[in-house]
Protein chains: 2
Amino acid sequence: MIPFPKATLPNKCSTCVLGQFCLPIGLTSDDLNKVDELVKERISLKKGERLYRHGNAMSSVYSIRFGTLKTEHVLPDGRLQIIGFHLPGEILGLDAIGEGQHQSDAVALEDSEACVIRFDEFESLARQIPVLQHQFHRILSRELTQDQRHLLSLGSLRAEERLAGFLLNLSERLAARGYVNHEFDLRMSREEIGSYLGIQIETVSRMLSRFAESGLIQIKQRHVKLIDMEGLCELAGLPKPNQPQEIKICT
Amino acid sequence: MIPFPKATLPNKCSTCVLGQFCLPIGLTSDDLNKVDELVKERISLKKGERLYRHGNAMSSVYSIRFGTLKTEHVLPDGRLQIIGFHLPGEILGLDAIGEGQHQSDAVALEDSEACVIRFDEFESLARQIPVLQHQFHRILSRELTQDQRHLLSLGSLRAEERLAGFLLNLSERLAARGYVNHEFDLRMSREEIGSYLGIQIETVSRMLSRFAESGLIQIKQRHVKLIDMEGLCELAGLPKPNQPQEIKICT
DNA sequence: CGAGCGTTTGAAATCGGTCAACAGCAGTGG
DNA sequence: CCACTGCTGTTGACCGATTTCAAACGCTCG
């Protein structure tokens, strides 16, 4: 159940299965060829290896070809906050454009590969291809929206709600990439989930057990099956089909 | 102590005092004139009025000419999360590019004014002016970085640390706009600070009192004076003031 | 001057954190 | 094949930071 196994991936954007999730959405084949020329390099990462580190000079952004990455910020005293989990087709390194230095660490959660996009060359190409320019702006904007949803979660939701939202968000993003949306493998540890959601590992574990007890999900190790999507949505405080109602809490 | 009072502001970017904080950093005067033509409209907001609402179709982004705005997300059940406080020169509405609809509400915290930037026209201009294009990317990127710092705060810091960081962040941004950086008026209520930081209003109040007791700040109503910047930085888990220092990562 | 709101302060309740023990599975090596 | 080891995840009991509830204070403005 590895997403988009390497073997099936061509080396060109023009024929990459990720086309519809990645940068070059909506380009003509002529323009696609230009993007092909832009992406001259790829980086393979073993589980645990870093794509970039906080403070590294930035010259490129990266699109994930396969695998899963996390981005995180580390505090001087060792505490760390995971900012995001990143799936194939997503662009990494965008937060480095502002200062010319990466503002976070990007670590592979499993063996992964990323396409290297030289940023100055990209900007130049984006000036020639309006669709590409706009697509890039959309990507940046969606990144903002995603972070803001995350903020909403950390600032206003209880542990239970955060976790339900997390599972649904993951499910949705996997589904968009062609997977069945109700069953998947978590690529991250309980600790990483906890860091992402601003709660402790024990709380993650307890909440997952409670969800399972309530019949909302099945979980064995890192394999999750979402059983009662509607119930999860309700729990996550999300407006789900037909019923924006009170939040039901299961004991 | 109103920032950049209306009377002092010209109607053109080319002569606006905000030049160095706003979109047109580093443009030649020729290019500046083109930006002038782009910004045909301005919107005045009374305290409490909205610049846009969640779900509104998006056609423009906005730069704040004077005043202060907040952006917030509202949950179906009424809970709300303030995403950011926005000062003159900052660009609002960027999170709407992705979906073509505003993803949050933007509300004036005091009488304010914003420049309207038609986004399609802007993209067209950005294709002609590389510096403008890059500046826009930097702005988007910094927005991401800001949100990620906020995530770090909500996910990993205790109430005390969040509040110290908040005061320092505000101070820094005001200083960048030419104010003394240790004394200013809060434009937002305790409740709004609490929402922004993911804590309750009573906690905000208690922590502020505690800071004052400890001699870190003086506070009377909404007027704050930062006394012990270094102490605040320490509390916020930040390196000392004015010393950007590298974070060393041990593997 | 009094109404109304925003803010502060105190006391009690609670959610999630911390500490601790244990279970489950993977990998290693005898 | 099984014991040993180490890591990750689970569960229980207790604790504490923050929330919640409640009441008083003090601006601001009509």
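Letters A, B, ... are given to chains in the order of the sequence lines, protein chains preceding strands, and every chain is numbered from 1. It should be emphasised that the depicted structure is a prediction, and the values quoted were computed from it without experimental measurement.
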Could you tell me which residues satisfy salt bridge (Lys or Arg N to Asp or Glu O under 4.0 Å) with B:Glu143, sequence neighbours excluded, listed by chain and number? none
Pairing residues for A:Ala164 by the side-chain contact (heavy atoms from CB on, under 4.5 Å) criterion, not counting sequence neighbours: A:Phe211, A:Leu232, A:Leu235, A:Ala236
Encode nucleotides 7-22 of chain C as B, S and - characters from 5' to 3', where the letter depends on protein heavy atoms closer than 4.0 Å: B to the base, S only to sugar-phosphate, - to neither. SBBBB----SSBB---
Listed by chain and number, what are the side-chain hydrogen bond (donor to acceptor under 3.5 Å, both in side chains) partners of A:Glu191, not counting sequence neighbours? none
Restricting to pairs with a member in residues 140-163 of chain B, which pass ring pair (Phe, Tyr, Trp, His ring centres under 6.0 Å), not counting sequence neighbours? B:His150-B:Tyr196
Strictly by modelled atom types, are A:Glu110 and A:Thr68 linked by a side-chain donor-acceptor pair under 3.5 Å? yes
Just how large is the angle between the end axes of the helix from C:dC1-D:dG30 to C:dG30-D:dC1, five pairs per end, to 10 degrees? 30°
Can you name the residues that form a side-chain contact (heavy atoms from CB on, under 4.5 Å) with B:Ser141, not counting sequence neighbours? A:Ile97
Partners of B:Leu152 by side-chain contact (heavy atoms from CB on, under 4.5 Å), sequence neighbours excluded? A:His73, A:Leu75, A:Gln81, B:Ser156
Quick one: how far along DNA chain D does chain B reach, first to last nucleotide 5' to 3', anything under 4.0 Å to a heavy atom? D:dT18 to D:dC21
Residue pairs fulfilling salt bridge (Lys or Arg N to Asp or Glu O under 4.0 Å) with at least one residue in residues 43-53 of chain B, sequence neighbours excluded: B:Arg50-B:Glu72, B:Arg50-B:Asp105
Who pairs with B:Arg158 by salt bridge (Lys or Arg N to Asp or Glu O under 4.0 Å), at least two apart in sequence or on another chain? B:Glu160, B:Glu161
According to side-chain hydrogen bond (donor to acceptor under 3.5 Å, both in side chains), who are the partners of B:Glu99, at least two apart in sequence or on a separate chain? A:Arg142
